[in-house]
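Worksheet for the structure shown next.
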Amino acid sequence: MDPIKNPFSPGAGSPPPELAGRGPILEEARILLGRIRLGRPEKSLLLTGLRGVGKTVLLNEIRHMARETGYRTVFIEAHEDKPLGPLIASPLKSVFFELDRMAQTGDRVKRGLRVLRSFLGGLKVKLGGIEIGLDIEPETGAADSGDIEIDLPNLFEALGDAAKEKNSAVAVLIDEIQYLQPKELGALIMAMHRMQQHQLPVVLLGAGLPVLPGLAGESKSYAERLFAFPDVGALSKEDSIRAISEPALAAGVEISQEALEETWRLTKGYPYFIQEWGYQTWNLAQSSPIAKSVVESAAATAIQRLDQNFFRVRFDRLTPSEKNFLRAMAELGPGASRTGDIAASLGVKVTSIGPVRSKLIRKGMIYSPAYGDMAFTVPLFDEFMKRAIPDFHRKG
């Protein structure tokens, strides 16, 4: 097959050629955007799922939907070591300017810019040592306290007022939202509560790891009344096969049923892995239809690429003690592991693994699906850990 015409695209956030199995989530987003645009209340969406299931792809698709229906959009990616204020200030400034250029008259956009200027002053925001410029007098007493739980709701209210005056709406999209500090997540929830109370046209669309519903609930007890948490999981067998077969057919190539089913078996339906296997299988195939043997032959290269480009970048961020913890989890097999069993596998007391466990949760490597349980946030990471550290002797 011609590698230039390869329809598969493994990569972080790369849109797949066929967005299979995500229709219900996109329909939920369509309804949300439509209702908010009409001034009707609806829960914002916070997508949750493991790494590599396509949450960023979905956010980008929803952003495109929002723009097509007249929304102004803000898209940011949260980071472990970057506060929310500096991340969101500059794109909000752009949205205010977009609203200001719209035809309708009124002064709420100008006021919104003054409130943003106050917000910047309260945070003393700098990006890369360069202050965010906004040559306008601040709105004294509005969003300038320096406390983000006070200031962000006031800023969002000014944003919503400006959008409503211009007969527009704003979609705020935040990827990796679990990395926000607890106070920042609380401020965001409070801001969206204000939007619902005042029926303002601002919607939040976020994506994060499976810990997100718990984090939101711990931050503000009313979060479940403000947000829906669609689970973005592995694709079904039927959707996995469609994600592989339809792009190939569109490029004039058939894949045998046995090859399709083998790809689903090897990838377990995880979209990133499907793209990697499809990519390698295409490049290895000599003719159409592609047989099961080609998928099997492509496995070694696909696994090597996953190890280098998907797993290794996360593994290399770990300390030796963190790697040892995850290797002990891998030894216990796929699925969730009891904390006590991990400690026993390491030959230590449960109380001694708490600090390492907390660090791994903060790094987004593991999460707790139930009390006392730990699970990988990265699909098939247990198999990678066994390849990365083959010599591990379980204790106890």
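Remember, predicted model here, so these are calculated numbers, not experimental data.
Within the 3.5 Å criterion, the main-chain N or O of Val203 finds no donor-acceptor partner in the side chain of Ser44. Without hydrogens or angle criteria, Asp100 side chain to Val109 main chain gives no donor-acceptor distance under 3.5 Å. Not a single donor-acceptor pair under 3.5 Å links the side chain of Ser221 to the backbone N or O of Gly217. With hydrogens and angles disregarded, no donor-acceptor distance shorter than 3.5 Å links the side chain of Ser219 to the backbone of Leu215. For Asn154 (side chain) and Ala142 (main-chain N/O), no donor-acceptor pair under 3.5 Å exists by modelled atom type. Side-chain atoms of Thr339 come within 3.5 Å of backbone atoms of Gly372 as a donor-acceptor pair (strictly under, hydrogens ignored). Side-chain N or O atoms of Ser337 include none that pairs as donor or acceptor with a backbone N or O of Gly333 at under 3.5 Å.
Checked for salt-bridge contact, Glu42 and Arg35 meet the test: a charged N lies under 4.0 Å from a carboxylate O. A salt bridge links Arg51 with Glu176: at least one charged nitrogen is closer than 4.0 Å to a carboxylate oxygen. In this structure, Glu261 does not pair ionically with Lys292, as no charged nitrogen and carboxylate oxygen lie closer than 4.0 Å. Looking at Glu80 and Arg317, a side-chain N of the basic residue comes within less than 4.0 Å of a carboxylate O on the acidic one, giving a salt bridge. A salt bridge between Arg327 and Glu331 is present, with a side-chain N of the basic residue lying under 4.0 Å from a carboxylate O of the acidic one.
Pairs passing the ring pair (Phe, Tyr, Trp, His ring centres under 6.0 Å) check and including a residue from residues 182-206, sequence neighbours excluded, read His193-Tyr222.
You'll find the side chain of Asp161 reaches within 4.5 Å of the side chain of Leu200, heavy atoms only. For the pair Asp231 and Leu47, the minimum side-chain heavy-atom distance is 4.5 Å or more.
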Side chain to side chain contact (heavy atoms under 4.5 Å, CB included) assessment of Leu188 paired with Ile174: CA-CA 11 Å; Leu188 198 58; Ile174 305 180; 3.6 Å; yes

Verdict with supporting geometry, Tyr272 and Thr267, side chain to side chain contact (heavy atoms under 4.5 Å, CB included): CA-CA 9 Å; Tyr272 187 95; Thr267 63; over 6 Å; no

When you look at Tyr367 and Leu50, which way does the side chain to side chain contact (heavy atoms under 4.5 Å, CB included) test go after all the steps? CA-CA 10 Å; Tyr367 73 105; Leu50 302 180; 3.8 Å; yes

Decide side chain to side chain contact (heavy atoms under 4.5 Å, CB included) for Val74 and Leu173; before the verdict, give the C-alpha distance in whole Å, the side-chain angles of both, and the deciding distance to 0.1 Å. CA-CA 6 Å; Val74 172; Leu173 303 100; 6.0 Å; no

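Note on ring orientation: taking the six-membered ring where Trp is involved, the planes of Phe273 and Phe311 are tilted (angle from 30° to 60°).
The environment of CD in Gln286 is sparse: at most 12 heavy-atom neighbours from other residues, nucleotides or ligands sit within 6.0 Å. Atom NZ of Lys386 is surrounded by more than 12 heavy atoms from other residues, nucleotides or ligands within 6.0 Å. Around the NE2 atom of His64, the shell of radius 6.0 Å holds no more than 12 heavy atoms that belong to other residues, nucleotides or ligands. Applying the 6.0 Å contact sphere to CD of Gln257 captures more than 12 heavy atoms from other residues, nucleotides or ligands.
Connection of Ile150 to Leu180 is not established within any shared hydrophobic cluster, with ILVMFWY side chains joined at heavy-atom distances below 4.5 Å, either directly or through further cluster members. Residue Val253 is not grouped with residue Trp264 when hydrophobic side chains (ILVMFWY) are merged at heavy-atom distances under 4.5 angstrom, including chains of intermediate members. Tyr179 and Val232 are members of different hydrophobic clusters when ILVMFWY side chains are connected at heavy-atom separations under 4.5 Å.
Taking the six-membered ring for Trp, Phe376 and Phe381 have ring centres closer than 6.0 Å.
Between the CD1 atom in Ile303 and the CD atom in Gln308 there is a gap of 12.5 Å [rounded to 0.5 Å]. Interatomic distance, CG of Leu204 versus CE of Met192, reported as 5.5 Å (0.5 Å rounding). With rounding to the nearest 0.5 angstrom, the CH2 atom of Trp277 is 9.5 Å from the CD atom of Glu262. Note that CZ of Phe227 and CD of Gln196 are 9.0 Å apart. Values are rounded to the nearest 0.5 Å. If you take CE on Met374 and CG on Leu326, they are separated by 11.5 Å, rounding to the nearest 0.5 Å. Between the CD1 atom in Ile177 and the OG1 atom in Thr48 there is a gap of 11.5 Å [rounded to 0.5 Å].
For the 3.5 Å distance criterion, the side chains of Thr56 and Asp175 qualify, holding a donor opposite an acceptor. Side-chain N/O atoms of Asp239 and Ser236 include a donor and acceptor closer than 3.5 Å.
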Going by atom type alone, with no hydrogens or angles, which donor-acceptor pairs under 3.5 Å involve a side-chain atom of residues 348-362 and a protein atom two or more places apart or on another chain?
residue, atom, partner, partner atom, Å
Ser352, OG, Lys349, O, 2.7
Ser358, OG, Gly354, O, 3.1

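With sequence neighbours excluded, the residues forming a salt bridge (Lys or Arg N to Asp or Glu O under 4.0 Å) with Lys220 are Glu149, listed by chain and number. By the side chain to side chain contact (heavy atoms under 4.5 Å, CB included) test, Ser245 is found to be paired with Ile241, Leu260, residues two or more places apart in sequence or in another chain being considered. The side chain to side chain contact (heavy atoms under 4.5 Å, CB included) search around Asp2 returns Ile4, Lys5, not counting sequence neighbours. Residues satisfying the salt bridge (Lys or Arg N to Asp or Glu O under 4.0 Å) criterion with Arg67, sequence neighbours excluded, are absent altogether. A search for salt bridge (Lys or Arg N to Asp or Glu O under 4.0 Å) contacts involving Lys268 returns Glu383, not counting sequence neighbours. Taking Glu276 as the reference, Gln280, Arg305 meet the side-chain hydrogen bond (donor to acceptor under 3.5 Å, both in side chains) condition, with sequence neighbours excluded. Applying the side chain to side chain contact (heavy atoms under 4.5 Å, CB included) criterion to Asn167, with sequence neighbours excluded, gives Arg37, Gln104. A search for ring-ring contact (aromatic ring centres under 6.0 Å, His included) contacts involving Tyr71 returns nothing, not counting sequence neighbours. Residues passing the side chain to side chain contact (heavy atoms under 4.5 Å, CB included) test with Arg101 are Phe97, Glu98, sequence neighbours excluded. The ring-ring contact (aromatic ring centres under 6.0 Å, His included) check on Phe325 picks up nothing, with sequence neighbours excluded.
Both cation-pi conditions hold for Arg314 and Phe310: the charged atom is under 6.0 angstrom from the six-membered ring centre and inside a 45 degree cone around its axis.
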